[in-house]
Structures are given as structure tokens and as C-alpha cells.
There are 2 protein chains.
Amino acid sequence: MNPVRRGQWQMASDVLTQLTRQPGITRAAVARTLRLSTGSATEVTARLRDVHLVTEVPAPSQGRGRPTTLLRAHPEGPVVLALDLRQSNWRSAIVTLDGSLQDPEYRRHRSRRPQVVLNNLRRQVEQARQQYGDRLRMVSLAVPGTIRDNHLMQAPTLEWAELDLETITEGTGLPLLAGNDATLSGVAEARTGAAAGAGTALHLIIEVGIGGTLLIDGVPAQGASGAGGEYGHVPFGDRSRACPCGARGCWDLEIDGRALARHLKQGRPDDPYAYTEEVLRRTDRSARAAVTKVVSALGSGIAGLVNAHDPDVITIGGLAIPLRAAAERTFKEAYEGGLMTFHRGSPPPVLPATLPDGPLRGAAALALDQLTTEPAIAAWVAQR
Amino acid sequence: MNPVRRGQWQMASDVLTQLTRQPGITRAAVARTLRLSTGSATEVTARLRDVHLVTEVPAPSQGRGRPTTLLRAHPEGPVVLALDLRQSNWRSAIVTLDGSLQDPEYRRHRSRRPQVVLNNLRRQVEQARQQYGDRLRMVSLAVPGTIRDNHLMQAPTLEWAELDLETITEGTGLPLLAGNDATLSGVAEARTGAAAGAGTALHLIIEVGIGGTLLIDGVPAQGASGAGGEYGHVPFGDRSRACPCGARGCWDLEIDGRALARHLKQGRPDDPYAYTEEVLRRTDRSARAAVTKVVSALGSGIAGLVNAHDPDVITIGGLAIPLRAAAERTFKEAYEGGLMTFHRGSPPPVLPATLPDGPLRGAAALALDQLTTEPAIAAWVAQR
DNA sequence: AGTTTATGCTCGTGGGACGAGTTTAATGGG
DNA sequence: CCCATTAAACTCGTCCCACGAGCATAAACT
């Protein structure tokens with residue numbers, strides 16, 4: 001193990017980071033954004049080519065001048081296995097350094113028992129290992145639940161108890177990166193979605209309860225143990241209502257299907273997600289009134305988070321999109337009414353999230369962040 | 001203006017960063033933490049000495065072996081003027097690269113009119129300019145109010161309206177870095193205070209209302225325009241109560257002297273800070289009950305923020321310290337009761353802030369962050 | 001076909017990190 | 001008191017890489 005010379009792969013790392021953040025970028029564009037001289041660009045791409053990290057394909061000409069090339073992941077280059085575990089199914093894809101998804105898979109759960117599901121994921125890891133060998137560098141997993149140091153702490157939608165997720169890579173020596181699905185979809189939105197380019201972005205998604213994350217320059221604020229982003233469990237409403245999370249009066253209890261059912265004087269729905277969709281389809285007065293209450297709670301809660309974090313933009317996903325759409329005026333009033341006065345001149349926009357496969361792409365993005373660091377590149381080169 | 005060669009001052013920048021973060025660090029210790037070979041350490045310190053950025057003084061010997069040297073700011077090196085504006089006074093100090101404060105000043109306001117106060121600050125800037133000439137590189141200012149792009153948006157304690165703070169450096173060409181005092185004291189705590197070393201830290205301070213900041217690796221999450229950290233203006237309690245900020249039901253209204261007065265059925269106190277101290281001195285039943293209510297709101301609000309951000313540690317300052325102390329049991333119950341179940345095993349500690357001159361030190365720290373960047377070093381070298 | 005334009009390639013230069021070998025300045029044991 | 005031990009500083013040859021000037025190339029205009 002020869003020690004890595006400092007800065008040896010610094011520029012290479014910068015180039016690869018550009019490539020993951022803007023797939024399909026041209027070599028000339030990379031050189032411009034990194035302020036590289038053409039000579040340096042030639043050298044760094046040659047080096048990256050030599051170690052099987054990138055290839056170049058002719059770019060369609062863009063006017064006068066010698067045409068440049070598109071940078072692409074090398075066909076023999078490193079890859080990541082991205083997994084997205086959902087309530088009723090799971091998906092996977094192999095992701096290359098240019099951020100493209102290959103070999104996408106989609107499977108419905110036959111059984112939803114933790115051990116069965118984890119075994120299926122583990123098999124997927126092993127299959128990727130078989131197929132890609134040493135090219136497979138990392139496994140990244142999105143889970144609909146609270147994650148702490150690669151352990152699942154609670155997962156209301158899956159109805160799973162605490163669980164060690166590292167079993168899916170155990171024995172393979174592959175690093176695992178498990179993350180909350182809402183956090184990861186936020187990463188995707190902040191990098192290539194509706195919040196692209198935002199310095200500070202806030203992402204919120206309603207499915208059962210609300211999840212989300214604060215993103216600073218595309219990096220999620222995950223907290224000490226990775227459990228950050230549980231915005232649903234801030235005290236907001238009636239303290240006499242206990243939340244399954246253990247606290248009382250959580251915002252969570254005011255903005256999803258459970259809240260709608262309560263307003264409609266019905267019991268806790270089995271599937272709050274489907275229940276919400278159902279109520280949204282109704283046109284009767286009591287349903288509209290219930291929706292209005294929920295949308296109001298959503299708007300004023302978001303306003304509070306804007307006061308707290310001053311984001312450039314907020315992206316909303318899941319049921320938050322149809323909920324807002326069902327009562328746009330209520331939302332606007334609650335949102336703007338909850339802002340501190342000085343924010344009202346130009347309130348940060350609340351945009352619908354645009355990426356359907358956000359968690360998978362976000363998981364891939366965080367894994368690629370690791371692969372494009374200098375030490376990871378040095379390790380890749382050393383191993384070949 | 002010759003273009004800066006990439007990486008020319010990379011290592012120098014790293015060394016200076018170490019120096020600002022751990023004043024009084026030895027050269028050998030820097031080399032160890034940056035994993036520098038002794039040869040490189042010799043070279044980089046020689047370079048820094050040549051350009052008047054550091055000097056070395058013999059370090060007290062620490063056992064066997066050749067003694068190392070302490071790194072110190074160079075007597076001809078760059079400095080920052082740090083200013084801390086408070087309700088009844090202001091303070092200033094000159095800060096060098098090793099983080100030491102020189103020429104401390106303390107002045108009470110004669111008049112509290114904005115123009116008078118800003119003029120005094122401006123005079124202080126001019127005086128520093130006179131005294132230090134080109135060595136003065138930057139002015140950093142802590143203000144008890146919401147700051148946005150160097151503009152004061154609102155300042156309840158000062159009772160000032162919106163105001164452009166850049167007048168204090170106008171014409172000097174000096175960059176100004178204005179920030180909220182609570183945010184800046186958080187920076188100080190996260191770097192050298194009670195939260196030193198924390199990856200994610202939350203800092204909260206009660207004076208009139210509550211201010212604070214989320215810190216990730218010592219860097220405050222300031223948001224899009226620098227107005228982040230207004231945790232007091234998240235909806236928390238009774239929505240029928242309007243907050244001066246423009247929103248309703250803010251947490252702010254539940255945790256300071258105004259809340260105590262309300263519980264005690266008295267009118268809004270002129271000076272909520274002094275009023276709180278007064279109530280804390282009382283031992284009668286109604287006062288105790290009012291304090292209990294406020295402490296409970298403080299504890300459960302902090303718990304919500306812990307759920308949202310998963311910090312390693314929370315630091316509290318200002319009146320939050322005596323308030324908690326007055327009802328420790330209530331605080332603990334409200335805090336732990338508001339946490340999500342999985343946090344309760346080892347709840348993040350809530351520690352009293354330790355630095356009395358936090359805002360000044362925090363302002364200095366953020367300014368030094370700028371001075372120790374590669375471009376700033378290159379500019380310093382080019383100018384000499 | 002020649003001009004313009006943007007880009008890629010070659011190569012000499014220089015700076016800086018590295019590390020092996022050497023020197024220096026302290027402690028501590030005999 | 002001297003010498004072994006220890007930790008750190010210094011010297012210097014080496015290598016790597018970014019830079020930029022000059023040249024080559026491939027397209028689009030004229």
C-alpha cells in the first residue's frame with residue numbers, strides 16, 4: 001500500500017464530480033467551469049481514460065469551432081448498486097459515474113416480512129457482485145423509515161421494528177449507505193430536480209406522515225447519526241394527541257390521512273395514503289373542509305420552516321402536491337400568513353418535486369459522492 | 001494581476017485554518033493532524049513566515065526530543081476588526097490569525113438612535129484602518145436582529161427598523177460580514193465552546209424571544225440570505241396569538257418574559273429580559289407555576305428541534321440557562337417526553353454555553369474563515 | 001477554398017509535496 | 001558528566017501535475 005501523494009487526484013476528483021452532477025457534460029464545459037487550461041484538460045482526461053474512469057464520445061457539433069467530446073463513464077469503470085425499498089415493492093439499478101441508471105429492476109414484495117425482504121435485497125447485491133465483480137464499489141439503499149448508522153429505527157409504513165440493514169452487504173466487504181427515502185429524494189431534487197442550483201433547499205414529502213430534509217449545496221443535513229429530517233415530529237398542534245413516535249402534538253398528525261379521518265370523524269385508516277387519495281376525490285362539503293384544515297396546517301408548518309431555515313426554495317412531494325392543488329388559496333394564505341414579515345416580499349417558491357425515482361437517484365448521488373473523492377479514486381487505481 | 005496557480009496556497013490555507021481553530025497549536029501538532037511530512041512542514045512554515053502570515057516562538061518542552069515551536073500570528077500579518085453591537089453597548093476587538101483578541105474596547109451607547117450608533121461603529125472602523133492600514137482586511141459585525149445580506153431586517157431589542165449596515169465600511173473598501181448575534185455565538189460555541197468538535201450542533205439563546213442556529217462542522221446554516229436560525233418563529237402554541245414577526249402562535253411567544261407576564265396575568269413588560277430575571281427571583285407559587293410553563297415549552301420545543309435535526313449536542317445561552325435551572329425536572333420531562341422514542345436511549349446533552357463573548361468570537365471566527373482561504377492568502381501575498 | 005472560431009495536443013517550466021537521510025535539541029540513565 | 005534515546009527540524013533529489021504558449025485540427029460561416 002503505497003501512500004497517496006497529496007493532490008494527486010484532486011483535479012480528477014473535481015472532473016468526476018462535475019460528471020456526476022451534470023451527466024452528459026462536455027469536456028470543454030468541464031474545463032470552463034473548473035477554469036482548466038486546455039492543456040490540463042487534455043492531461044486529466046487522458047489520465048482518467050488510462051485508469052478506466054471515463055471515455056469520450058464525439059459531441060454533436062454546437063456551431064463553429066472544433067467539436068468537443070462528451071464525457072461518459074468508462075465501460076470498465078466503477079459502479080454503484082442503488083436500491084429503493086418501498087412499502088409494496090423494491091427497485092434497483094446499477095449506476096455509473098455519469099449518473100446513468102442501468103439494469104433497472106422492479107419487484108413487488110411477495111412477503112413483507114423483514115427477513116424475506118432483506119434476503120431478496122441481499123440476493124440482488126450478490127447478483128450485482130457476480131456480474132460486476134470488483135467494479136461494484138458500494139451499495140446505497142433508500143428506506144421509508146428513520147435510519148441511524150445503517151440501522152432502521154422505525155418504519156411506520158413497513159411496520160417493521162428496529163433492524164440492522166448491513167446484513168444485505170455482510171460478507172461482501174462492500175460499504176453500505178442506507179438513508180431515509182425522503183432525505184434521498186431531497187438530494188435528487190436539489191441536484192437535478194426542481195431545486196437544482198439552490199444553496200439552501202428544503203424538501204418535504206407526505207406519504208404517511210411527513211418526511212424531508214434540509215439541503216445545503218445539495219448535501220443533506222443528516223445530523224449526528226443520520227436521523228435528521230424528521231420535521232413531522234416538531235410540536236405543532238394539540239398536545240393531547242399522542243404520536244406513535246413517542247412525542248405529543250406532532251405536526252405529522254395534522255397533515256396526512258390520519259388527520260383527514262379525524263376531521264371526518266372516522267377511525268384511523270388502514271392505509272392513510274390511499275385514504276387521502278380517496279378523500280381528495282370527494283367533492284362533498286365535509287371532505288373539502290377536512291382537506292382545507294390539513295392544507296392549512298401544511299402551509300403554516302412550511303412557513304415556520306422557512307422562518308427557521310431561510311431556504312431559496314422548497315420542494316414538496318408525494319401527497320403534498322395534490323393536497324396543495326386541492327386548496328391552493330388556503331395554502332397560499334396559510335403559507336404567506338405564517339412567514340415573518342420581511343419574507344413576504346418574495347416568499348421562497350414551493351415547487352412540486354419533479355423526479356419520480358427520487359430516492360433511487362438520491363441514493364445513487366450520495367454513493368457517487370463517495371466514489372469521486374480523492375481517496376476512492378486512489379483506491380480504485382491502486383486496485384487495478 | 002497574475003493568475004493564481006491552482007493549489008499554490010492549498011497547504012498554507014490548511015495550516016492557517018488549523019491555527020485559527022486551535023490557537024496556540026504547535027507546528028509539530030499541525031503537521032500531525034494534516035499528515036504532513038516534516039519536510040513539508042518546514043517548507044510551508046517557511047513560506048508562511050516569508051509572507052508575514054505566521055511567526056514561530058519556542059514551545060515549552062514536552063518531554064524528550066527536540067522541542068517544537070508554537071505558531072503565532074505574524075506581528076505584521078493581516079487582522080480583522082470584530083464588532084459586537086448590543087442593546088445598551090457595543091464592543092470591539094482586533095483579531096489576528098491565531099484567534100487572539102487585541103485592543104478590546106467597550107462602550108455604552110450614549111444615544112441609541114441608529115444613525116448615531118452606526119456612526120460610532122464607523123469611527124471605530126476608521127480608527128482601526130488608520131492604526132493597521134492594509135493589515136486590516138475585513139470587518140465582522142454581530143447584531144441582535146435578523147440580518148439579510150448585510151441589511152438589518154428587524155431588531156426587536158434595539159427597536160430599529162430596516163437598515164443598511166454597510167454604511168459602517170462604506171468608502172473603505174473593506175468587506176463587511178454582518179451576522180445575527182445568536183448565530184455567531186453558536187459559531188463560537190461550536191468551535192471552541194461547549195459544542196466543540198460536534199458534527200451537528202444546535203445553539204439556542206433566549207433574550208427577548210429565542211434565537212439560534214444549526215451548525216454543521218462549525219459552519220452555521222445561514223440560509224439563502226443569511227436570515228436562517230429564527231427558530232422562535234415556528235408555529236408552536238396558541239394560533240390566536242399574533243407575534244410581532246407577522247406570524248401567529250410562534251414558539252417565541254411561549255418562552256420569554258412576555259410569556260411569563262401573560263401567565264401571571266400582567267401586561268407586556270417593557271424589558272422582558274429584566275422582567276424574566278425578576279420573576280426568576282420570586283419564590284411565590286404563581287411565579288413558580290409561570291416559570292414551569294415556560295420551561296416546559298422550552299423543553300418540548302428543543303425536543304422537536306432534536307427530532308428535526310438530530311444534533312450531537314445542544315447549547316443554550318442567555319435566559320435559557322437560569323430558566324432551565326429554575327425547573328430542571330420540568331425541563332427534563334418536557335425534553336425527553338418530546339423526543340422520538342429512539343432518541344430517548346441517549347438524548348443529546350443540553351449544555352449551557354460557556355463563552356461570555358460569544359458573538360464577538362463568532363464574528364471573528366467567520367471572518368478568519370474568509371482570510372484563510374486560498375484566494376485571500378494569494379491576495380495578501382500579491383498586495384505586499 | 002479561404003476565413004473564422006473553438007477546441008485539442010505538445011512540450012518546456014515551475015512549484016510543491018514527499019521521503020530518505022541527516023542534524024539538532026531536549027530528556028534520562030549510568 | 002557523558003552518552004543513549006527520543007522527537008522534531010532541516011536538506012535535497014525526485015516526481016507529479018497545473019500552466020501557458022504555440023501549434024494542430026475540425027467544424028461552421030463567407
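Throughout, a chain's letter reflects where its sequence line sits, starting with A, and its residues are numbered from 1.
The two residues Thr354(A) and Glu189(A) come nearest to each other via the heavy atoms N-OE2, 2.9 Å. Of all heavy-atom pairs spanning Leu351(B) and Ala194(B), the tightest one is CD1-O, 3.7 Å. Here the closest non-hydrogen pair linking Arg135(A) and Trp380(A) is CA-CZ3, 4.1 Å. The heavy-atom pair separating Gln222(A) from Asp310(B) by the smallest distance is O-OD2, 3.8 Å. Of all heavy-atom pairs between Ala82(A) and Leu360(A), the closest is O-CD1, 3.5 Å.
For Gln10(A) and dC18(C), the CD to P distance is 13 Å, given to the nearest whole Å. Rounded to whole Å, the distance from CD on Gln62(B) to P on dG28(C) is 13 Å. Whole-Å rounding puts the Asp14(B) CG to dG16(C) P distance at 14 Å. As a whole-Å value, the separation of Asp50(A) CG from dC17(D) P is 11 Å. Separating the CD atom of Gln8(A) from the P atom of dT14(D) is a distance of 19 Å, rounded to the nearest angstrom.
In this structure, a donor-acceptor pair under 3.5 Å is present between the side chains of Ser37(A) and Ser40(A). Inspection of the Thr315(A) and His203(A) side chains reveals an N or O donor paired with an N or O acceptor under 3.5 Å.
When each of Ala12(A) and Gly63(A) is assigned the nucleotide of DNA chain D bearing its nearest heavy atom, the one mapping closer to the 5' terminus is Ala12(A). Mapping Thr69(B) and Met11(A) onto DNA chain D by nearest heavy atom places Thr69(B) closer to the 5' end of the strand.
No side-chain heavy atom of Ser185(A) sits less than 4.5 Å from a side-chain heavy atom of Leu355(A).
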Can you name the atoms? Protein N/O to nucleotides 22-25 of chain C N/O, anything below 3.5 Å, with the distance.
{"from": "dT24(C)", "atom 1": "O4'", "to": "Arg66(B)", "atom 2": "NH1", "distance (Å)": "3.3"}
{"from": "dA25(C)", "atom 1": "N3", "to": "Arg66(B)", "atom 2": "N", "distance (Å)": "3.4"}

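Panel note: side chain Asp312(B), backbone Thr200(B); a donor-acceptor pair is recorded below 3.5 Å. The main-chain N or O of Asp134(A) is found under 3.5 Å from a side-chain atom of Arg137(A) such that the two form a donor-acceptor pair.
The stretch residues 35-49 of chain A touches DNA chain C through Thr38(A), Gly39(A), Thr42(A), Glu43(A), each having a heavy atom under 4.0 angstrom from the strand. Against DNA chain D, the stretch residues 16-34 of chain B makes heavy-atom approaches under 4.0 Å through Arg27(B), Ala28(B), Arg32(B).
In the helix from dA1(C)-dT30(D) to dG30(C)-dC1(D), the terminal helix axes, each the rotation mapping four pairs' C1' atoms onto the next four within five end pairs, subtend 0°, rounded to 10°.
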Side chains of residues 361-373 of chain B: which donor-acceptor partners sit under 3.5 Å, not counting sequence neighbours?
{"from": "Asp369(B)", "atom 1": "OD1", "to": "Arg191(B)", "atom 2": "NH1", "distance (Å)": "2.9"}
{"from": "Asp369(B)", "atom 1": "OD2", "to": "Arg191(B)", "atom 2": "NH1", "distance (Å)": "3.1"}
{"from": "Asp369(B)", "atom 1": "OD2", "to": "Arg191(B)", "atom 2": "NH2", "distance (Å)": "2.8"}
{"from": "Thr372(B)", "atom 1": "OG1", "to": "Leu368(B)", "atom 2": "O", "distance (Å)": "3.0"}
{"from": "Thr372(B)", "atom 1": "OG1", "to": "Asp369(B)", "atom 2": "O", "distance (Å)": "3.2"}
{"from": "Thr373(B)", "atom 1": "OG1", "to": "Gln370(B)", "atom 2": "O", "distance (Å)": "2.8"}
{"from": "Thr373(B)", "atom 1": "OG1", "to": "Ala376(B)", "atom 2": "N", "distance (Å)": "3.4"}

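Among pairs with a residue in residues 41-56 of chain B, those fulfilling side chain to side chain donor-acceptor pair (under 3.5 Å) read Arg27(B)-Thr42(B), Arg27(B)-Glu56(B), Arg49(B)-Glu56(B), His52(B)-Arg384(B), Glu56(B)-Thr69(B), at least two apart in sequence or across chains.
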message: Using side-chain contact (heavy atoms from CB on, under 4.5 Å), reason through Gln102(A) and Val79(A) one step at a time and then give a plain yes or no.
response: CA-CA 10 Å; Gln102(A) 291 170 7; Val79(A) 299; 5.7 Å; no
